[in-house]
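Below, chain A is the first sequence line, B the second, and so on; all start at residue 1. The model shown is predicted, which means the values in this text are computed figures rather than measured ones.
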Amino acid sequence: MNKNGFWGPWHTFKDGHGFSKLSLKETLQGGQCFDWESLSDLYWRGKIGDSVIECKWEESEIFWRCERINPVEPKCVENYFWLDQDYQQKLDQLPWRSDPVLGKCVKQLSGLRILRQPLGQTLFYFLLSSAKSIPQIQAIGTAVCERYGKELFPGIFSFPGWAKLAEVSEEDLRSLKLGYRAKYVAQTAKIIVSQPNWLQTVQSSCYEDAKVELLRLPGVGEKVADCALLFGGMFLEAFPMDTWIEKSLEKRYFLNGWKSSHKIHFAKIHFGEFAGLAQQFLFSGERLGILK
DNA sequence: CTCCAGGAGATAT
DNA sequence: ATATCTCCTGGA
């Protein structure tokens, strides 16, 4: 097959998506998702499910195309990128007008989104995340995909799925440089596979119930549970408290000396029902140095 | 060489 | 409940 025959036609994001160059880049590679690699400055290749997708910013428009073998519906891409009106509605309910810190992030990162990723795969990546930087998480996650997934495109491999991972030994995962996280993945895989429909049940539960279920898994504490729920299930009340956010709350909101649990309480009260979306703006604002 | 990352788990208080 | 230590690996 020649290379042009592989790809479907280019599509454009519909008007009003609101992305900027910066917020698109940050959405794809800012630490919520590890499925995208950059081909050049504003050109990415990645996966949505088992479909290989390319996405680029060109002349103030965003284009995407997918390969023809596992094509994805435009509706599915719109859903993945949260392009529906629901995004603006929820963003509008954050206190960015009255909060100058959040306001600065929302204005400078306008269009920043949380991607609608599948829960199982997102849980997998965040099981790898402890004490690792974004490139390191992507590297070891990709190594697992390359070893146990199927090749979707030259050099791009699928997430193997929990059923496959349940057959892999901790030792084999350690050989892929997962370190102590290998045990988390191996044990979690066996637990998930032993309970059919577990993922669907968690996905359709309320936030509190879903979190209780996730916290039973080895390697899943408060932070990883909230990341999996926020980024892998659109539970927008989840507020992952990582070291960046903790420092940010201390510095920008003068919460020095507050206990971690009290900081979370503050965040839920102050940011409201969609605190997780605010967290994403705050996290990126801090990470990109916008608040300095 | 030492130190510590976008944490979790075990143990001790 | 809260504090401290360890766990793999890699990069500063």
Side-chain angles (χ1 to χ4, degrees), chain A residues 25-36 105 109 112 114-115 117 121-144 146-147 165 168-192 211-232 235 238-253 255-265 267 271 275-292:
Chain A
K25 182 186 179 73
E26 185 65 10
T27 297
L28 292 176
Q29 298 189 299
Q32 63 169 299
C33 178
F34 306 94
D35 282 333
W36 297 86
C105 295
L109 287 163
L112 181 70
I114 289 166
L115 297 168
Q117 303 179 77
Q121 178 183 328
T122 307
L123 170 62
F124 164 73
Y125 277 115
F126 282 97
L127 274 175
L128 305 179
S129 69
S130 89
K132 286 286 183 193
S133 66
I134 294 170
Q136 289 172 335
I137 298 165
Q138 184 149 353
I140 56 181
T142 300
V144 173
E146 287 175 355
R147 178 70 183 78
L165 292 175
V168 179
S169 69
E170 177 188 335
E171 187 185 11
D172 287 342
L173 290 170
R174 277 184 180 265
S175 72
L176 297 177
K177 311 296 184 188
L178 270 63
Y180 60 85
R181 303 158 197 83
K183 185 189 296 180
Y184 299 162
V185 173
Q187 293 184 351
T188 289
K190 288 180 173 57
I191 292 173
I192 290 180
K211 188 165 177 179
V212 167
E213 279 303 307
L214 283 171
L215 288 173
R216 306 164 87 101
L217 299 171
V220 178
E222 292 279 332
K223 194 269 181 183
V224 169
D226 278 330
C227 284
L229 289 171
L230 179 59
F231 304 129
F235 288 88
F239 193 88
M241 186 68 77
D242 54 46
T243 57
W244 285 76
I245 290 295
E246 189 143 15
K247 286 174 195 160
S248 181
L249 289 177
E250 289 169 2
K251 190 167 180 181
R252 317 292 175 198
Y253 294 86
L255 302 190
N256 238 313
W258 288 42
K259 282 184 288 187
S260 191
S261 57
H262 290 177
K263 291 195 188 96
I264 292 186
H265 186 241
F271 295 120
L277 182 57
Q279 192 266 9
Q280 194 60 11
F281 277 99
L282 198 57
F283 176 81
S284 290
E286 210 65 67
R287 200 178 84 85
L288 296 173
I290 283 170
L291 293 172
K292 285 184 179 175

- So, A:D172 versus A:S169: side-chain donor-acceptor pair below 3.5 Å or not? yes
- Task: Flag the pair A:V224 / A:Y184 as yes when at least one side-chain heavy-atom distance between them is below 4.5 Å, and no otherwise.
- Result: no
- Message: Checking A:R174 now: which residues fulfil salt bridge (Lys or Arg N to Asp or Glu O under 4.0 Å) with it, not counting sequence neighbours?
- Response: A:E170
- Query: NA contact type, A:P218, heavy-atom cut-off 4.0 Å: base, sugar-phosphate, or nothing?
  - Reply: sugar-phosphate
- Query: Tell me, which of residues 176-190 of chain A have any heavy atom that sits under 4.0 Å from an atom in DNA chain C?
  - Reply: A:K177, A:G179, A:Y180, A:R181
- Message: Can a donor-acceptor pair be found, under 3.5 Å and without considering hydrogens, that links the side chain of A:T188 to the backbone of A:P218?
- Response: yes
- Query: Which whole-number value in Å describes the distance from A:I264 CD1 to C:dA1 P?
  - Reply: 15 Å
- To the nearest angstrom, how far is A:H265 atom NE2 from C:dA1 atom P? 16 Å
- Report the residue (A:G219 or A:I137) whose heavy-atom-nearest nucleotide on DNA chain B is the more 5′ of the two. A:I137
- Measure from CD on A:E222 to P on B:dG9 and round the result to the nearest Å. 11 Å
- Please state the P separation for the pair C:dT2 and B:dG6 - nearest whole angstrom. 24 Å
- Using whole Å, report how far CD of A:Q136 lies from P of C:dA12. 9 Å
- Query: A:K263: what forms a salt bridge (Lys or Arg N to Asp or Glu O under 4.0 Å) with it, not counting sequence neighbours?
  - Reply: A:E246, A:E250
- Using a cut-off of 4.0 Å on non-hydrogen atoms, how would the nucleic acid contact of A:G31 be classed: base, sugar-phosphate, or nothing? base
- Message: If you apply the rule ring pair (Phe, Tyr, Trp, His ring centres under 6.0 Å), what do you find for A:F126 with A:F231, and how did you get there?
- Response: CA-CA 10 Å; A:F126 282 97; A:F231 304 129; 5.7 Å; yes
- Would you please say whether a donor-acceptor pair under 3.5 Å links the side chains of A:Q121 and A:D35? yes
- Item | Atom pair distance, as rounded to whole Å: CG in A:D226 and C1' in B:dG7 | 13 Å
- Task: Given salt bridge (charged side-chain N to carboxylate O under 4.0 Å, His left out), test A:R252 with A:E286 step by step and report yes or no.
- Result: CA-CA 10 Å; A:R252 317 292 175 198; A:E286 210 65 67; 2.5 Å; yes
- Whole-Å gap separating C1' (B:dG6) and CG (A:L282): 14 Å
- Between residues 126-135 of chain A and DNA chain B, which residues have a heavy-atom gap below 4.0 Å? A:F126, A:S130, A:A131, A:K132, A:I134
- Query: Among A:V220, A:T122, A:I137, A:L178, which one satisfies side chain to side chain contact (heavy atoms under 4.5 Å, CB included) with A:L127?
  - Reply: A:V220
- Does any non-hydrogen side-chain atom of A:R216 lie less than 4.5 Å from one of A:I191? no
- Who pairs with A:K25 by salt bridge (Lys or Arg N to Asp or Glu O under 4.0 Å), at least two apart in sequence or on another chain? none
- Rounded off to whole Å, could you give me the CD-to-P distance for the A:E286 and B:dA5 pair? 15 Å
- Item | Duplex segments of DNA chain B, taken as runs of at least three Watson-Crick or G-U pairs that stay under 3.5 Å | B:2-5 with C:9-12, B:7-13 with C:1-7
- Message: Could you tell me how far apart A:I245 (CD1) and B:dG6 (P) are, to the nearest whole angstrom?
- Response: 13 Å
- Message: Donor-acceptor check, side chain of A:Q138 to backbone of A:W36, threshold 3.5 angstrom: yes or no?
- Response: yes
